[in-house]
2 protein chains.
Amino acid sequence: MGRTSNRSVERAFALVDELAENGGGRVSELAERVDMPVSTAHDHLQTLVETGYVRMEDKEYQTTTRFLEVGHRQRHRLEVFKAVRDELETVAEETGEHATLFVEEADQAVILAVQEGSDAVNLFAYPGARMPLHAVAPGKAMLASMPTDRVEEIIDRHGLVELTSRTITNPDVLFDQLEEIRGQGYAVDEGERIAGMVCIAAPIFDKNDRVRGAICVCGPQSRIDETRRDEIADVVQRAANVTQVNLDYV
Amino acid sequence: MGRTSNRSVERAFALVDELAENGGGRVSELAERVDMPVSTAHDHLQTLVETGYVRMEDKEYQTTTRFLEVGHRQRHRLEVFKAVRDELETVAEETGEHATLFVEEADQAVILAVQEGSDAVNLFAYPGARMPLHAVAPGKAMLASMPTDRVEEIIDRHGLVELTSRTITNPDVLFDQLEEIRGQGYAVDEGERIAGMVCIAAPIFDKNDRVRGAICVCGPQSRIDETRRDEIADVVQRAANVTQVNLDYV
DNA sequence: AAACATATCCGGTAGAGTCGAAAGACTTCT
DNA sequence: AGAAGTCTTTCGACTCTACCGGATATGTTT
(Lines give C-alpha, C1' and ligand atoms only; values in the text may rest on other atoms or scores of the structure.)
Protein backbone atom coordinates (compact mmCIF):
# COMPACT_ATOMS: atom_id res chain seq x y z
CA MET A 1 0.00 0.00 0.00
CA GLY A 2 1.79 3.17 1.07
CA ARG A 3 0.06 6.52 0.85
CA THR A 4 -3.41 5.23 1.56
CA SER A 5 -4.14 3.47 4.79
CA ASN A 6 -5.20 -0.09 5.20
CA ARG A 7 -8.87 -0.38 4.45
CA SER A 8 -9.54 -3.54 6.43
CA VAL A 9 -7.97 -2.09 9.51
CA GLU A 10 -9.80 1.19 9.05
CA ARG A 11 -13.08 -0.62 8.82
CA ALA A 12 -12.36 -2.80 11.80
CA PHE A 13 -11.68 0.29 13.86
CA ALA A 14 -14.74 1.98 12.45
CA LEU A 15 -16.69 -0.85 14.04
CA VAL A 16 -14.80 -0.50 17.30
CA ASP A 17 -15.46 3.23 17.31
CA GLU A 18 -19.10 2.64 16.64
CA LEU A 19 -19.33 0.14 19.49
CA ALA A 20 -17.54 2.56 21.78
CA GLU A 21 -19.57 5.63 20.86
CA ASN A 22 -23.07 4.29 20.46
CA GLY A 23 -22.95 1.02 22.31
CA GLY A 24 -23.23 -2.58 21.30
CA GLY A 25 -25.42 -4.01 18.60
CA ARG A 26 -26.22 -6.90 16.29
CA VAL A 27 -24.42 -7.49 13.03
CA SER A 28 -27.03 -6.04 10.72
CA GLU A 29 -27.59 -3.02 12.89
CA LEU A 30 -23.88 -2.29 13.15
CA ALA A 31 -23.43 -2.84 9.43
CA GLU A 32 -26.10 -0.23 8.91
CA ARG A 33 -24.55 2.17 11.39
CA VAL A 34 -21.10 2.10 9.84
CA ASP A 35 -22.46 1.75 6.31
CA MET A 36 -20.94 -1.58 5.37
CA PRO A 37 -22.34 -4.74 3.78
CA VAL A 38 -23.63 -7.10 6.45
CA SER A 39 -21.34 -9.92 5.43
CA THR A 40 -18.30 -7.68 5.63
CA ALA A 41 -19.27 -6.37 9.03
CA HIS A 42 -19.79 -9.94 10.14
CA ASP A 43 -16.33 -10.96 8.95
CA HIS A 44 -14.69 -8.08 10.75
CA LEU A 45 -16.57 -8.60 13.97
CA GLN A 46 -15.51 -12.22 13.86
CA THR A 47 -11.89 -11.18 13.58
CA LEU A 48 -12.29 -8.62 16.34
CA VAL A 49 -13.73 -11.25 18.64
CA GLU A 50 -10.70 -13.42 17.94
CA THR A 51 -8.36 -10.61 18.86
CA GLY A 52 -10.15 -10.30 22.19
CA TYR A 53 -11.11 -6.67 21.79
CA VAL A 54 -14.74 -7.36 21.04
CA ARG A 55 -17.08 -9.94 22.45
CA MET A 56 -20.58 -11.21 22.01
CA GLU A 57 -22.90 -10.89 24.99
CA ASP A 58 -26.61 -11.52 24.85
CA LYS A 59 -26.47 -11.55 21.06
CA GLU A 60 -24.90 -8.13 20.97
CA TYR A 61 -21.36 -7.30 20.07
CA GLN A 62 -19.57 -4.99 22.46
CA THR A 63 -16.07 -3.89 23.31
CA THR A 64 -14.25 -5.87 25.99
CA THR A 65 -12.36 -4.84 29.09
CA ARG A 66 -9.16 -5.21 27.07
CA PHE A 67 -9.46 -1.53 26.27
CA LEU A 68 -9.36 -0.67 29.95
CA GLU A 69 -6.37 -2.90 30.38
CA VAL A 70 -4.40 -1.45 27.48
CA GLY A 71 -5.31 2.06 28.59
CA HIS A 72 -4.16 1.50 32.13
CA ARG A 73 -0.95 -0.12 31.06
CA GLN A 74 -0.10 2.80 28.85
CA ARG A 75 -0.94 5.20 31.62
CA HIS A 76 1.45 3.51 34.00
CA ARG A 77 4.20 3.97 31.47
CA LEU A 78 3.68 7.71 31.19
CA GLU A 79 6.20 9.67 33.19
CA VAL A 80 3.80 12.48 34.07
CA PHE A 81 1.39 10.01 35.52
CA LYS A 82 3.97 8.41 37.76
CA ALA A 83 5.33 11.79 38.76
CA VAL A 84 1.96 13.21 39.72
CA ARG A 85 0.31 10.34 41.53
CA ASP A 86 0.75 11.25 45.16
CA GLU A 87 0.41 14.94 44.44
CA LEU A 88 -3.00 14.52 42.91
CA GLU A 89 -4.27 12.91 46.06
CA THR A 90 -2.84 15.71 48.16
CA VAL A 91 -4.49 18.31 45.97
CA ALA A 92 -7.86 16.59 46.25
CA GLU A 93 -7.56 16.44 50.01
CA GLU A 94 -6.37 19.99 50.44
CA THR A 95 -9.09 21.46 48.26
CA GLY A 96 -11.87 18.97 48.85
CA GLU A 97 -12.66 19.12 45.14
CA HIS A 98 -12.03 16.94 42.13
CA ALA A 99 -8.38 16.95 41.18
CA THR A 100 -7.46 15.80 37.69
CA LEU A 101 -4.35 15.31 35.62
CA PHE A 102 -4.58 16.43 32.02
CA VAL A 103 -2.27 15.85 29.11
CA GLU A 104 -2.39 17.05 25.54
CA GLU A 105 -2.92 14.49 22.82
CA ALA A 106 -3.80 15.08 19.19
CA ASP A 107 -4.49 18.77 19.85
CA GLN A 108 -6.93 17.95 22.60
CA ALA A 109 -6.99 18.03 26.37
CA VAL A 110 -7.29 14.52 27.76
CA ILE A 111 -7.90 13.46 31.34
CA LEU A 112 -5.36 10.92 32.51
CA ALA A 113 -6.32 10.58 36.14
CA VAL A 114 -9.10 11.71 38.46
CA GLN A 115 -8.81 11.96 42.19
CA GLU A 116 -11.74 12.23 44.55
CA GLY A 117 -13.81 10.01 46.81
CA SER A 118 -15.23 8.03 43.94
CA ASP A 119 -13.69 8.09 40.51
CA ALA A 120 -17.04 7.28 39.04
CA VAL A 121 -18.93 10.29 40.33
CA ASN A 122 -18.47 12.64 37.47
CA LEU A 123 -19.75 11.61 34.08
CA PHE A 124 -17.72 14.35 32.46
CA ALA A 125 -14.46 13.60 34.16
CA TYR A 126 -13.17 10.10 33.58
CA PRO A 127 -9.76 8.92 32.44
CA GLY A 128 -9.64 9.19 28.67
CA ALA A 129 -12.24 11.94 28.44
CA ARG A 130 -11.14 14.45 25.80
CA MET A 131 -12.13 18.04 25.14
CA PRO A 132 -10.97 21.08 23.17
CA LEU A 133 -7.92 22.75 24.66
CA HIS A 134 -9.37 26.26 24.56
CA ALA A 135 -12.46 25.43 26.55
CA VAL A 136 -10.95 24.23 29.81
CA ALA A 137 -8.50 25.69 32.30
CA PRO A 138 -5.94 22.86 31.95
CA GLY A 139 -6.14 23.16 28.18
CA LYS A 140 -5.49 26.87 28.34
CA ALA A 141 -2.65 26.29 30.79
CA MET A 142 -1.06 23.97 28.26
CA LEU A 143 -1.73 26.26 25.30
CA ALA A 144 -0.12 29.11 27.21
CA SER A 145 2.99 26.99 27.53
CA MET A 146 3.31 26.16 23.85
CA PRO A 147 5.02 28.19 21.13
CA THR A 148 2.58 30.64 19.55
CA ASP A 149 2.75 29.10 16.08
CA ARG A 150 1.75 25.77 17.56
CA VAL A 151 -1.29 27.45 19.12
CA GLU A 152 -2.16 29.09 15.82
CA GLU A 153 -1.89 25.76 14.07
CA ILE A 154 -4.31 24.21 16.53
CA ILE A 155 -6.81 27.03 16.08
CA ASP A 156 -6.51 26.71 12.31
CA ARG A 157 -7.13 23.02 12.39
CA HIS A 158 -9.97 22.86 14.85
CA GLY A 159 -11.32 26.37 15.32
CA LEU A 160 -12.61 27.57 18.67
CA VAL A 161 -15.67 25.43 19.13
CA GLU A 162 -18.35 26.89 21.39
CA LEU A 163 -19.42 24.53 24.16
CA THR A 164 -21.25 26.98 26.41
CA SER A 165 -22.12 30.66 26.14
CA ARG A 166 -18.91 31.45 27.99
CA THR A 167 -16.51 29.48 25.80
CA ILE A 168 -13.81 31.67 24.27
CA THR A 169 -14.46 31.79 20.56
CA ASN A 170 -12.38 34.82 19.63
CA PRO A 171 -8.67 34.09 18.97
CA ASP A 172 -7.64 37.56 20.16
CA VAL A 173 -9.37 37.06 23.49
CA LEU A 174 -7.71 33.68 23.77
CA PHE A 175 -4.24 35.01 23.05
CA ASP A 176 -4.73 37.78 25.61
CA GLN A 177 -5.68 35.21 28.19
CA LEU A 178 -2.75 32.97 27.37
CA GLU A 179 -0.49 35.97 27.98
CA GLU A 180 -2.16 36.53 31.32
CA ILE A 181 -1.83 32.85 32.21
CA ARG A 182 1.88 32.91 31.45
CA GLY A 183 2.15 35.87 33.78
CA GLN A 184 0.30 34.43 36.75
CA GLY A 185 1.32 30.80 36.31
CA TYR A 186 -2.15 29.29 36.31
CA ALA A 187 -5.35 29.24 34.26
CA VAL A 188 -8.99 29.59 35.22
CA ASP A 189 -12.15 28.77 33.39
CA GLU A 190 -15.63 29.69 34.52
CA GLY A 191 -18.24 27.54 32.90
CA GLU A 192 -16.47 27.60 29.56
CA ARG A 193 -16.96 23.93 29.02
CA ILE A 194 -19.75 23.04 31.41
CA ALA A 195 -22.04 25.75 32.73
CA GLY A 196 -21.66 26.34 36.45
CA MET A 197 -18.30 24.61 36.69
CA VAL A 198 -15.13 26.42 37.65
CA CYS A 199 -11.69 24.97 36.97
CA ILE A 200 -8.25 26.14 38.01
CA ALA A 201 -5.18 24.57 36.49
CA ALA A 202 -1.41 24.87 36.46
CA PRO A 203 0.91 23.57 33.75
CA ILE A 204 3.56 20.91 34.39
CA PHE A 205 6.90 21.45 32.68
CA ASP A 206 9.81 19.09 32.24
CA LYS A 207 13.44 20.09 32.57
CA ASN A 208 13.49 21.27 28.97
CA ASP A 209 10.58 23.62 29.68
CA ARG A 210 8.20 21.65 27.53
CA VAL A 211 4.63 21.26 28.84
CA ARG A 212 3.88 17.72 29.81
CA GLY A 213 0.46 18.21 31.29
CA ALA A 214 -1.59 20.20 33.75
CA ILE A 215 -3.01 19.70 37.18
CA CYS A 216 -6.59 20.84 37.51
CA VAL A 217 -9.11 21.38 40.28
CA CYS A 218 -12.79 21.62 39.40
CA GLY A 219 -15.89 22.39 41.37
CA PRO A 220 -19.27 24.06 41.22
CA GLN A 221 -19.20 27.85 40.94
CA SER A 222 -21.20 28.14 44.14
CA ARG A 223 -18.44 26.54 46.15
CA ILE A 224 -15.50 28.35 44.64
CA ASP A 225 -15.50 32.11 45.29
CA GLU A 226 -12.73 34.66 44.71
CA THR A 227 -10.68 33.91 47.79
CA ARG A 228 -10.92 30.14 47.44
CA ARG A 229 -9.86 30.58 43.85
CA ASP A 230 -6.55 32.05 44.99
CA GLU A 231 -6.05 29.30 47.53
CA ILE A 232 -6.68 26.65 44.92
CA ALA A 233 -4.37 28.38 42.46
CA ASP A 234 -1.60 28.14 45.05
CA VAL A 235 -2.27 24.47 45.66
CA VAL A 236 -2.24 23.46 42.00
CA GLN A 237 0.86 25.50 41.28
CA ARG A 238 2.72 23.96 44.17
CA ALA A 239 1.62 20.48 43.06
CA ALA A 240 2.74 21.22 39.50
CA ASN A 241 6.15 22.27 40.79
CA VAL A 242 6.56 19.18 42.90
CA THR A 243 5.58 17.10 39.89
CA GLN A 244 8.19 18.82 37.79
CA VAL A 245 10.82 17.87 40.33
CA ASN A 246 9.55 14.28 40.44
CA LEU A 247 9.69 14.18 36.67
CA ASP A 248 13.46 14.46 36.76
CA TYR A 249 13.80 11.42 38.94
CA VAL A 250 11.50 9.12 37.02
CA MET B 1 -12.81 -14.29 3.57
CA GLY B 2 -15.11 -16.31 5.79
CA ARG B 3 -13.69 -19.10 7.95
CA THR B 4 -10.29 -17.51 8.37
CA SER B 5 -10.00 -14.16 10.05
CA ASN B 6 -8.78 -10.99 8.46
CA ARG B 7 -5.02 -10.98 8.37
CA SER B 8 -4.55 -7.23 8.14
CA VAL B 9 -6.71 -6.66 11.17
CA GLU B 10 -5.00 -9.46 13.04
CA ARG B 11 -1.62 -7.94 12.32
CA ALA B 12 -2.72 -4.46 13.28
CA PHE B 13 -3.89 -5.77 16.62
CA ALA B 14 -0.72 -7.79 17.02
CA LEU B 15 1.06 -4.45 16.90
CA VAL B 16 -1.35 -2.92 19.37
CA ASP B 17 -0.90 -5.88 21.70
CA GLU B 18 2.83 -5.60 21.42
CA LEU B 19 2.70 -1.89 22.23
CA ALA B 20 0.43 -2.58 25.18
CA GLU B 21 2.42 -5.47 26.61
CA ASN B 22 5.99 -4.42 26.07
CA GLY B 23 5.74 -0.70 25.59
CA GLY B 24 6.38 1.61 22.69
CA GLY B 25 9.07 1.28 20.08
CA ARG B 26 10.39 2.29 16.69
CA VAL B 27 9.19 0.77 13.46
CA SER B 28 12.09 -1.59 12.90
CA GLU B 29 12.11 -2.72 16.49
CA LEU B 30 8.39 -3.38 16.51
CA ALA B 31 8.60 -5.15 13.17
CA GLU B 32 11.17 -7.42 14.74
CA ARG B 33 9.10 -7.97 17.88
CA VAL B 34 5.98 -9.04 16.03
CA ASP B 35 7.93 -10.74 13.26
CA MET B 36 6.76 -8.70 10.31
CA PRO B 37 8.59 -7.00 7.43
CA VAL B 38 9.54 -3.46 8.35
CA SER B 39 7.59 -1.92 5.51
CA THR B 40 4.47 -3.80 6.47
CA ALA B 41 4.77 -2.80 10.10
CA HIS B 42 5.26 0.76 8.95
CA ASP B 43 2.13 0.67 6.83
CA HIS B 44 0.05 -0.71 9.68
CA LEU B 45 1.38 1.73 12.23
CA GLN B 46 0.53 4.51 9.84
CA THR B 47 -3.03 3.29 9.62
CA LEU B 48 -3.24 2.88 13.38
CA VAL B 49 -2.08 6.44 13.86
CA GLU B 50 -4.81 7.60 11.52
CA THR B 51 -7.43 5.74 13.51
CA GLY B 52 -6.24 7.57 16.62
CA TYR B 53 -5.42 4.46 18.61
CA VAL B 54 -1.68 4.79 18.23
CA ARG B 55 0.51 7.83 18.20
CA MET B 56 4.10 8.80 17.67
CA GLU B 57 5.86 10.43 20.59
CA ASP B 58 9.57 11.07 20.71
CA LYS B 59 10.10 8.85 17.69
CA GLU B 60 8.38 5.96 19.40
CA TYR B 61 4.99 4.55 18.60
CA GLN B 62 2.70 3.99 21.55
CA THR B 63 -0.95 3.42 22.29
CA THR B 64 -3.07 6.49 22.91
CA THR B 65 -5.51 7.40 25.65
CA ARG B 66 -8.28 6.33 23.31
CA PHE B 67 -8.06 2.91 24.93
CA LEU B 68 -8.83 4.41 28.31
CA GLU B 69 -11.73 6.28 26.80
CA VAL B 70 -13.26 3.28 25.07
CA GLY B 71 -12.74 1.19 28.18
CA HIS B 72 -14.45 3.68 30.43
CA ARG B 73 -17.35 4.16 28.09
CA GLN B 74 -17.96 0.46 27.95
CA ARG B 75 -17.75 0.26 31.71
CA HIS B 76 -20.40 2.90 32.15
CA ARG B 77 -22.71 0.85 30.00
CA LEU B 78 -22.37 -2.27 32.10
CA GLU B 79 -25.28 -2.77 34.42
CA VAL B 80 -23.24 -4.36 37.20
CA PHE B 81 -20.95 -1.38 37.25
CA LYS B 82 -23.78 1.10 37.61
CA ALA B 83 -25.48 -1.08 40.20
CA VAL B 84 -22.41 -1.46 42.36
CA ARG B 85 -20.92 2.02 42.33
CA ASP B 86 -22.01 3.43 45.66
CA GLU B 87 -21.77 0.08 47.36
CA LEU B 88 -18.12 -0.33 46.47
CA GLU B 89 -17.32 2.94 48.19
CA THR B 90 -19.23 1.88 51.27
CA VAL B 91 -17.40 -1.43 51.40
CA ALA B 92 -14.03 0.29 51.14
CA GLU B 93 -14.95 2.65 53.94
CA GLU B 94 -16.40 0.01 56.23
CA THR B 95 -13.45 -2.31 55.85
CA GLY B 96 -10.67 0.17 55.29
CA GLU B 97 -9.27 -2.14 52.61
CA HIS B 98 -9.27 -2.24 48.84
CA ALA B 99 -12.70 -3.02 47.48
CA THR B 100 -12.95 -4.24 43.91
CA LEU B 101 -15.64 -5.24 41.47
CA PHE B 102 -14.86 -8.28 39.36
CA VAL B 103 -16.63 -9.69 36.35
CA GLU B 104 -16.00 -12.77 34.28
CA GLU B 105 -14.85 -12.34 30.70
CA ALA B 106 -13.42 -14.92 28.36
CA ASP B 107 -13.08 -17.44 31.21
CA GLN B 108 -11.09 -15.01 33.28
CA ALA B 109 -11.66 -12.80 36.29
CA VAL B 110 -11.38 -9.16 35.32
CA ILE B 111 -11.32 -6.13 37.60
CA LEU B 112 -13.88 -3.54 36.57
CA ALA B 113 -13.51 -1.05 39.38
CA VAL B 114 -11.23 -0.42 42.32
CA GLN B 115 -12.17 1.61 45.35
CA GLU B 116 -9.69 2.94 47.84
CA GLY B 117 -7.93 6.19 48.62
CA SER B 118 -5.91 6.11 45.46
CA ASP B 119 -6.83 3.91 42.55
CA ALA B 120 -3.23 3.90 41.50
CA VAL B 121 -1.78 2.35 44.63
CA ASN B 122 -1.87 -1.26 43.69
CA LEU B 123 -0.01 -2.39 40.61
CA PHE B 124 -1.89 -5.67 40.66
CA ALA B 125 -5.35 -4.21 40.99
CA TYR B 126 -6.31 -1.83 38.23
CA PRO B 127 -9.41 -1.76 36.04
CA GLY B 128 -8.90 -4.21 33.25
CA ALA B 129 -6.46 -6.44 35.14
CA ARG B 130 -7.25 -10.07 34.41
CA MET B 131 -6.39 -13.27 36.18
CA PRO B 132 -7.39 -16.96 36.28
CA LEU B 133 -10.73 -17.54 37.94
CA HIS B 134 -9.52 -20.35 40.22
CA ALA B 135 -6.73 -18.32 41.79
CA VAL B 136 -8.70 -15.49 43.38
CA ALA B 137 -11.62 -15.29 45.78
CA PRO B 138 -13.91 -13.37 43.40
CA GLY B 139 -13.10 -15.87 40.66
CA LYS B 140 -13.98 -18.77 42.89
CA ALA B 141 -17.15 -16.99 43.98
CA MET B 142 -18.16 -16.73 40.33
CA LEU B 143 -17.16 -20.30 39.51
CA ALA B 144 -19.22 -21.53 42.44
CA SER B 145 -22.21 -19.80 40.91
CA MET B 146 -21.87 -21.36 37.46
CA PRO B 147 -23.21 -24.71 36.26
CA THR B 148 -20.70 -27.47 36.90
CA ASP B 149 -20.21 -28.31 33.24
CA ARG B 150 -19.24 -24.73 32.57
CA VAL B 151 -16.62 -24.98 35.30
CA GLU B 152 -15.31 -28.22 33.85
CA GLU B 153 -15.10 -26.61 30.44
CA ILE B 154 -13.04 -23.77 31.84
CA ILE B 155 -10.67 -26.16 33.59
CA ASP B 156 -10.31 -28.19 30.40
CA ARG B 157 -9.50 -25.16 28.35
CA HIS B 158 -7.09 -23.41 30.66
CA GLY B 159 -6.04 -25.86 33.35
CA LEU B 160 -5.41 -24.74 36.91
CA VAL B 161 -2.36 -22.58 36.52
CA GLU B 162 -0.17 -22.26 39.62
CA LEU B 163 0.55 -18.65 40.56
CA THR B 164 1.84 -19.18 44.09
CA SER B 165 2.51 -22.23 46.23
CA ARG B 166 -1.01 -21.91 47.61
CA THR B 167 -2.88 -21.79 44.32
CA ILE B 168 -5.42 -24.58 43.97
CA THR B 169 -4.16 -26.88 41.23
CA ASN B 170 -6.23 -29.97 41.97
CA PRO B 171 -9.73 -29.99 40.41
CA ASP B 172 -11.15 -32.08 43.25
CA VAL B 173 -9.96 -29.61 45.85
CA LEU B 174 -11.43 -26.82 43.75
CA PHE B 175 -14.82 -28.50 43.42
CA ASP B 176 -14.93 -29.16 47.17
CA GLN B 177 -14.27 -25.50 47.81
CA LEU B 178 -16.89 -24.39 45.32
CA GLU B 179 -19.39 -26.52 47.21
CA GLU B 180 -18.34 -24.87 50.46
CA ILE B 181 -18.59 -21.43 48.89
CA ARG B 182 -22.12 -22.12 47.71
CA GLY B 183 -22.96 -23.10 51.27
CA GLN B 184 -21.53 -20.09 53.04
CA GLY B 185 -22.25 -17.50 50.35
CA TYR B 186 -18.74 -16.10 50.03
CA ALA B 187 -15.25 -17.13 48.93
CA VAL B 188 -11.84 -16.63 50.50
CA ASP B 189 -8.36 -16.90 49.11
CA GLU B 190 -5.20 -16.76 51.13
CA GLY B 191 -2.23 -15.89 49.01
CA GLU B 192 -3.42 -18.04 46.13
CA ARG B 193 -2.64 -15.38 43.59
CA ILE B 194 -0.23 -13.09 45.40
CA ALA B 195 1.64 -14.35 48.44
CA GLY B 196 0.61 -12.62 51.65
CA MET B 197 -2.63 -11.26 50.24
CA VAL B 198 -6.03 -12.31 51.54
CA CYS B 199 -9.22 -11.75 49.57
CA ILE B 200 -12.83 -12.24 50.49
CA ALA B 201 -15.51 -12.07 47.84
CA ALA B 202 -19.25 -12.52 47.37
CA PRO B 203 -20.98 -13.23 44.06
CA ILE B 204 -23.53 -10.88 42.55
CA PHE B 205 -26.59 -12.50 40.96
CA ASP B 206 -29.23 -11.05 38.70
CA LYS B 207 -32.93 -11.84 38.96
CA ASN B 208 -32.44 -14.93 36.83
CA ASP B 209 -29.83 -16.22 39.28
CA ARG B 210 -27.02 -15.80 36.82
CA VAL B 211 -23.71 -14.53 38.23
CA ARG B 212 -22.91 -11.09 36.98
CA GLY B 213 -19.81 -10.41 38.99
CA ALA B 214 -18.33 -10.42 42.47
CA ILE B 215 -17.46 -7.87 45.10
CA CYS B 216 -14.06 -8.39 46.65
CA VAL B 217 -12.08 -7.04 49.56
CA CYS B 218 -8.33 -7.55 49.63
CA GLY B 219 -5.65 -6.81 52.16
CA PRO B 220 -2.41 -8.07 53.61
CA GLN B 221 -2.65 -11.26 55.66
CA SER B 222 -1.23 -9.46 58.67
CA ARG B 223 -4.19 -7.12 58.81
CA ILE B 224 -6.94 -9.64 58.23
CA ASP B 225 -7.27 -12.23 60.99
CA GLU B 226 -10.05 -14.79 61.60
CA THR B 227 -12.54 -12.43 63.22
CA ARG B 228 -12.02 -9.64 60.71
CA ARG B 229 -12.48 -12.20 58.00
CA ASP B 230 -16.02 -12.87 59.21
CA GLU B 231 -16.78 -9.17 59.46
CA ILE B 232 -15.57 -8.59 55.94
CA ALA B 233 -17.53 -11.57 54.67
CA ASP B 234 -20.67 -9.99 56.07
CA VAL B 235 -19.89 -6.65 54.47
CA VAL B 236 -19.25 -8.04 50.99
CA GLN B 237 -22.31 -10.27 51.14
CA ARG B 238 -24.53 -7.38 52.14
CA ALA B 239 -23.06 -5.24 49.38
CA ALA B 240 -23.61 -8.01 46.86
CA ASN B 241 -27.23 -8.27 47.93
CA VAL B 242 -27.81 -4.56 47.64
CA THR B 243 -26.22 -4.63 44.22
CA GLN B 244 -28.55 -7.41 43.16
CA VAL B 245 -31.51 -5.27 44.15
CA ASN B 246 -30.07 -2.27 42.29
CA LEU B 247 -29.58 -4.46 39.25
CA ASP B 248 -33.31 -4.83 38.85
CA TYR B 249 -33.84 -1.10 38.68
CA VAL B 250 -31.09 -0.29 36.19
C1' DA C 1 32.11 14.08 5.12
C1' DA C 2 31.53 9.62 4.78
C1' DA C 3 29.49 5.42 6.63
C1' DC C 4 25.76 3.52 8.94
C1' DA C 5 21.22 2.93 10.72
C1' DT C 6 16.51 3.73 10.38
C1' DA C 7 12.34 5.43 8.33
C1' DT C 8 9.64 6.22 4.33
C1' DC C 9 8.24 5.68 -0.38
C1' DC C 10 7.17 2.96 -4.51
C1' DG C 11 5.26 -0.49 -7.67
C1' DG C 12 4.21 -5.20 -9.39
C1' DT C 13 1.98 -9.26 -8.05
C1' DA C 14 0.03 -12.89 -5.34
C1' DG C 15 -3.31 -13.58 -2.47
C1' DA C 16 -6.79 -11.81 0.48
C1' DG C 17 -10.85 -9.03 1.44
C1' DT C 18 -15.23 -7.95 -0.35
C1' DC C 19 -19.99 -8.61 -1.14
C1' DG C 20 -24.12 -10.78 -3.49
C1' DA C 21 -26.65 -14.60 -2.98
C1' DA C 22 -28.16 -18.70 -0.74
C1' DA C 23 -28.59 -21.44 3.31
C1' DG C 24 -29.34 -21.75 8.13
C1' DA C 25 -31.00 -20.04 12.80
C1' DC C 26 -34.25 -17.75 15.45
C1' DT C 27 -38.66 -15.01 16.24
C1' DT C 28 -43.05 -13.75 15.66
C1' DC C 29 -47.50 -13.98 13.94
C1' DT C 30 -51.62 -16.34 12.63
C1' DA D 1 -47.85 -25.72 15.08
C1' DG D 2 -46.77 -24.18 10.94
C1' DA D 3 -45.55 -20.45 8.14
C1' DA D 4 -43.75 -16.04 7.18
C1' DG D 5 -40.44 -12.99 8.33
C1' DT D 6 -36.00 -11.34 10.20
C1' DC D 7 -31.38 -11.76 11.13
C1' DT D 8 -27.03 -14.34 11.04
C1' DT D 9 -23.78 -17.17 8.92
C1' DT D 10 -21.70 -19.54 5.01
C1' DC D 11 -19.92 -19.72 0.35
C1' DG D 12 -17.35 -18.62 -3.80
C1' DA D 13 -15.85 -15.80 -7.62
C1' DC D 14 -13.94 -11.53 -8.87
C1' DT D 15 -11.36 -7.55 -7.95
C1' DC D 16 -8.83 -4.87 -5.45
C1' DT D 17 -5.45 -4.09 -2.13
C1' DA D 18 -2.28 -5.48 1.26
C1' DC D 19 2.31 -7.14 0.94
C1' DC D 20 7.10 -6.77 0.81
C1' DG D 21 11.69 -6.15 -1.73
C1' DG D 22 14.14 -2.71 -3.17
C1' DA D 23 15.14 2.29 -3.81
C1' DT D 24 15.24 6.68 -1.77
C1' DA D 25 15.21 9.90 1.94
C1' DT D 26 16.19 11.17 6.58
C1' DG D 27 18.95 11.24 10.53
C1' DT D 28 22.81 9.74 13.42
C1' DT D 29 27.51 8.44 14.49
C1' DT D 30 32.37 8.20 13.76
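All values derive from a computational prediction rather than experimental measurement.
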Query raised in the report: Near DNA chain D, under 4.0 Å by heavy atom, which residues of residues 27-40 of chain B?
Result: B/Pro37, B/Ser39, B/Thr40
Query raised in the report: Of all residues at least two apart in sequence or in a different chain, which pass the salt bridge (Lys or Arg N to Asp or Glu O under 4.0 Å) check with B/Arg238?
Result: B/Glu87, B/Glu94
Report task. Please state whether the phosphate of D/dT8, meaning OP1 or OP2, lies under 4.0 angstrom from any side-chain nitrogen or oxygen of A/His42. Result -> no
**Report entry** Any residue meeting side-chain hydrogen bond (donor to acceptor under 3.5 Å, both in side chains) with A/Gln108, in chain and number order, not counting sequence neighbours
**Finding:** none
**Report entry** D/dC19 phosphate, OP1 or OP2, under 4.0 Å from B/His44 side-chain N/O
**Finding:** yes
Report task. Sequence neighbours left out, what passes salt bridge (Lys or Arg N to Asp or Glu O under 4.0 Å) with A/Glu10? Give chain and number order. Result -> none
**Report entry** N or O in side chain of B/Asn6 less than 4.0 angstrom from D/dA18 OP1/OP2
**Finding:** no
Query - All pairs passing ring pair (Phe, Tyr, Trp, His ring centres under 6.0 Å) where residues 10-33 of chain A contributes a residue, at least two apart - result: A/Phe13-B/Phe13, A/Phe13-B/Tyr53
Query raised in the report: Mind checking what makes side chain to side chain contact (heavy atoms under 4.5 Å, CB included) contact with B/Ala31, not counting sequence neighbours?
Result: B/Val38, B/Ala41
Requested in this report: Using the test side chain to side chain contact (heavy atoms under 4.5 Å, CB included), find all partners of B/Val110 that sit at least two apart in sequence or belong to another chain.
Outcome: A/Thr65, B/Val103, B/Glu105, B/Arg130
Query raised in the report: With B/Ala144, which residues qualify under side chain to side chain contact (heavy atoms under 4.5 Å, CB included), at least two apart?
Result: B/Leu178, B/Ile181, B/Arg182
Requested in this report: Would you please name every residue forming a side-chain hydrogen bond (donor to acceptor under 3.5 Å, both in side chains) with B/Arg77, sequence neighbours left out?
Outcome: none
Query raised in the report: Taking the side chain as C-beta and beyond, is there a heavy-atom pair between B/Glu104 and B/Leu133 under 4.5 Å?
Result: yes
Query - Contact residues, residues 7-18 of chain A to DNA chain D [heavy atom, < 4.0 Å] - result: A/Arg7, A/Ser8
Output one line per pair: protein atom, nucleotide atom from nucleotides 24-28 of chain D, and distance, for all N/O pairs under 3.5 Å.
{"from": "D/dT28", "atom 1": "OP1", "to": "B/Lys59", "atom 2": "NZ", "distance (Å)": "3.3"}

**Report entry** Residue list, salt bridge (Lys or Arg N to Asp or Glu O under 4.0 Å) with B/Arg73, at least two apart or on another chain
**Finding:** A/Glu21, B/Glu69
